[in-house]
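Beneath this line is the structure, given in structure tokens, with notes to follow.
In each ligand, atom 1 is the first atom listed, and ligand 1 is the first ligand listed.
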Amino acid sequence: MKNKKRILSGVQPTGDLHLGNWLGAIKNWVDLQYEHETFLCVVDLHAITAKYDSKKLAKDTLSTAALYLACGINPDKCSIFIQSQIPAHTELCWILNCITPMNWMERMIQFKEKSIQQGNNVSIGLFNYPILMAADILLYDADLVPVGEDQKQHLELARNIAQQRVNAEFGKGEPILKVPEAIIMKNGSKIMSLNDGLKKMSKSDPNEGSRINLLDDADTITKKIKRAKSDSKVGIEFNNSQRPESRNLLMIYSILNNKDIKDLEIEFENTGWGTFKKLMIEQVIESLLPIQERYKVLIDDRHELNKILLKGRENAEKVANKTLHRVKSHLGFY
Ligand code: AQP
């Protein structure tokens with residue numbers, strides 16, 4: 001175990017997980033789990049940074065954990081846990097809040113985008129989100145953090161906090177925190193909305209038709225793909241910047257079908273949207289079916305799920321508390 005590099009990642013339980021969460025994050029964890037020591041959390045404290053339904057939070061948290069497993073995460077190889085059950089996350093977050101310059105935070109693109117969506121209801125928590133994320137990562141001495149393109153800037157912030165604000169200022173030449181690296185997959189790192197090929201597929205998009213959820217049934221998937229934005233051109237292309245929707249759907253199809261994009265571009269050179277969408281519908285339904293079947297079994301077995309989450313929490317807590325103690329002692333706490 002010792003020589004394996006350590007991974008930390010997570011998804012917010014902010015609603016139904018979608019193809020972007022799967023292809024941009026969870027699918028990569030599945031590929032990485034056997035060669036790495038893997039900690040995966042359900043980041044429920046992040047989920048409350050936007051307006052949320054308190055009646056749904058616990059259910060969505062459990063459902064997200066069940067989806068990790070249904071997508072192929074092996075609980076014997078990974079520690080799966082719920083962020084809010086480990087107080088070290090919020091404690092380190094506070095400490096990092098106090099040593100992170102405000103102007104670093106003011107550059108965060110996700111805050112700018114989400115605060116526009118939220119109007120007058122923007123919380124301080126949303127502004128602080130990247131610091132809590134830094135605490136999540138740094139607590140586990142993570143070597144690697146697999147994320148989608150959208151989280152790259154937040155990871156860079158975590159690196160800067162560890163390097164410049166903790167290690168350089170308090171380390172006396174010795175590193176206190178490990179500086180993590182991002183793993184961003186070439187394909188799938190940014191899955192776009194079905195309605196707008198220039199906008200990220202997102203749980204918080206008010207338009208349900210903009211995303212395919214992992215638990216959508218065959219009828220819903222069919223309707224969503226049929227209504228997905230297309231254009232008037234024949235042929236499905238990847239590299240034409242004027243056709244972002246074509247690029248996005250072809251990329252999704254290529255990942256699900258395990259075929260090279262270049263080969264598919266040739267195969268679909270003269271294919272119309274109607275034919276391509278039919279193939280796309282079949283492929284998405286087929287790819288999601290095994291996940292949905294496993295999910296149904298898992299979500300009904302509360303005892304097993306709780307057992308997995310308890311074991312994950314115990315493993316995670318040991319590592320997190322040790323790091324927090326190290327940070328506090330270097331930063332001068334009694
Ligand atoms: N569209 C996407 N394409 C590729 N990867 C994506 N991820 C999210 N959307 C896409 C990756 O999924 C992981 C978990 O994301 P998250 O739910 O914690 O936060 P998010 O990035 O803010 O995801 P959403 O769906 O947009 O949620 P809301 O709408 O609640 O904010 C991350 O690794 C992310 O990169």
Side-chain angles (χ1 to χ4, degrees), residues 7-32 38-53 56-57 60-61 63-65 67-68 71 73 80 82-84 89 108-118 122-123 125-126 129-130 132-134 136-137 142 144-158 180 182-208 210-215 228 244-245 247-249 251-252 255-256:
I7 281 182
L8 180 285
S9 203
V11 173
Q12 305 181 72
T14 35
D16 297 323
L17 267 55
H18 51 73
L19 275 184
N21 298 128
W22 181 36
L23 303 180
I26 304 172
K27 194 168 179 297
N28 304 327
W29 306 346
V30 174
D31 296 338
L32 294 163
T38 308
F39 287 89
L40 300 173
C41 51
V42 180
V43 286
D44 54 347
L45 292 169
H46 284 274
I48 65 166
T49 55
K51 199 164 162 36
Y52 75 103
D53 183 352
K56 277 184 79 228
L57 183 63
D60 286 347
T61 299
S63 161
T64 303
L67 270 172
Y68 289 0
C71 288
I73 293 300
I80 305 173
I82 298 170
Q83 180 194 31
S84 65
H89 287 250
M108 295 295 117
I109 295 162
Q110 195 181 72
F111 174 73
K112 288 182 194 159
E113 288 173 356
K114 288 199 173 179
S115 55
I116 293 169
Q117 280 169 24
Q118 293 180 24
V122 179
S123 69
L126 185 71
Y129 177 117
L132 180 57
M133 181 168 156
D136 299 337
I137 296 166
L144 302 166
V145 184
V147 285
E149 196 73 43
D150 58 321
Q151 295 293 341
K152 211 165 128 188
Q153 193 189 29
H154 290 167
L155 191 79
E156 200 48 44
L157 179 87
I183 312 184
I184 297 181
M185 297 294 155
K186 213 168 116 242
N187 289 326
S189 66
K190 200 161 188 185
I191 302 293
M192 306 312 241
S193 155
L194 297 184
N195 298 332
D196 180 350
L198 296 174
K199 204 171 137 195
K200 183 184 100 136
M201 184 177 284
S202 177
K203 291 185 235 94
S204 55
D205 190 321
N207 188 340
E208 182 59 39
S210 66
R211 60 186 161 263
I212 293 175
N213 298 323
L214 300 186
L215 299 177
E245 287 78 25
R247 178 190 175 87
N248 186 41
L249 291 193
M251 179 167 67
I252 297 174
I255 304 172
L256 296 181

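If you look at Asn21 next to ligand 1, the close heavy atoms, those under 4.0 Å, come from the backbone and the side chain alike. Heavy atoms of Val11 found under 4.0 angstrom from ligand 1 belong to the backbone as well as the side chain. In Lys190, the part holding a heavy atom less than 4.0 Å from any atom of ligand 1 is the backbone.
In the candidate list Val147, Val42, Asp150, Asp150 is nearest to atom 34 (C) of ligand 1, counting heavy atoms. Of the candidates Gln12, His46, Lys114, it is Lys114 that places a heavy atom closest to atom 31 (O) of ligand 1. Of the listed residues (Lys203, Met133, His154, Gln110), the one carrying the non-hydrogen atom nearest atom 27 (O) of ligand 1 is Lys203.
No side-chain N or O of Gln12 forms a donor-acceptor pair with one of Asp60 less than 3.5 Å apart.
The side-chain contact (heavy atoms from CB on, under 4.5 Å) test with Ile191 is passed by exactly one of Leu23, Leu249, Ile212: Leu23.
In terms of polar-atom proximity, defined here as any N/O pair under 3.5 Å, Ile191 does make such a contact with ligand 1. Looking at Glu149 next to ligand 1, no N or O pair under 3.5 Å apart turns up. Considering backbone and side-chain N/O of Gly20, one or more are found under 3.5 Å from N/O of ligand 1. For a threshold of 3.5 Å applied to N or O pairs, the pair formed by Ser9 and ligand 1 contains no separation below that value. Residue-to-ligand polar distances keep Asp205 apart from ligand 1: every N/O pair is separated by 3.5 Å or more.
Looking at Ser9, its side chain does come within 3.5 Å of a backbone N or O of Pro146 through a donor-acceptor pair. Distance alone, capped at 3.5 Å, places no donor-acceptor pair between the Gln83 side chain and the Asp136 backbone.
Sorted by first and then second residue, the salt bridge (Lys or Arg N to Asp or Glu O under 4.0 Å) pairs with a member in residues 9-32 form an empty list; sequence neighbours excluded.
Shown in contact with His18 at under 4.0 Å from a heavy atom are these atoms of ligand 1, numbered in order with element: 9 (N), 25 (O). Per-residue contacts place Ala25 under 4.0 angstrom from the following atoms of ligand 1 (heavy atoms of the residue considered): 12 (O), 13 (C), 33 (O). Heavy-atom contacts of Met201 reach the following atoms of ligand 1: 1 (N), 2 (C), 9 (N) (cutoff under 4.0 Å).
Counting heavy atoms from C-beta outward, Tyr68 and Ile26 have side chains that approach closer than 4.5 Å. Residues Ser202 and Asp150 fail the side-chain proximity criterion, which asks for heavy atoms closer than 4.5 Å.
Shown here are the ring-ring contact (aromatic ring centres under 6.0 Å, His included) partners of Tyr129, two or more places apart in sequence or in another chain: His46, His154.
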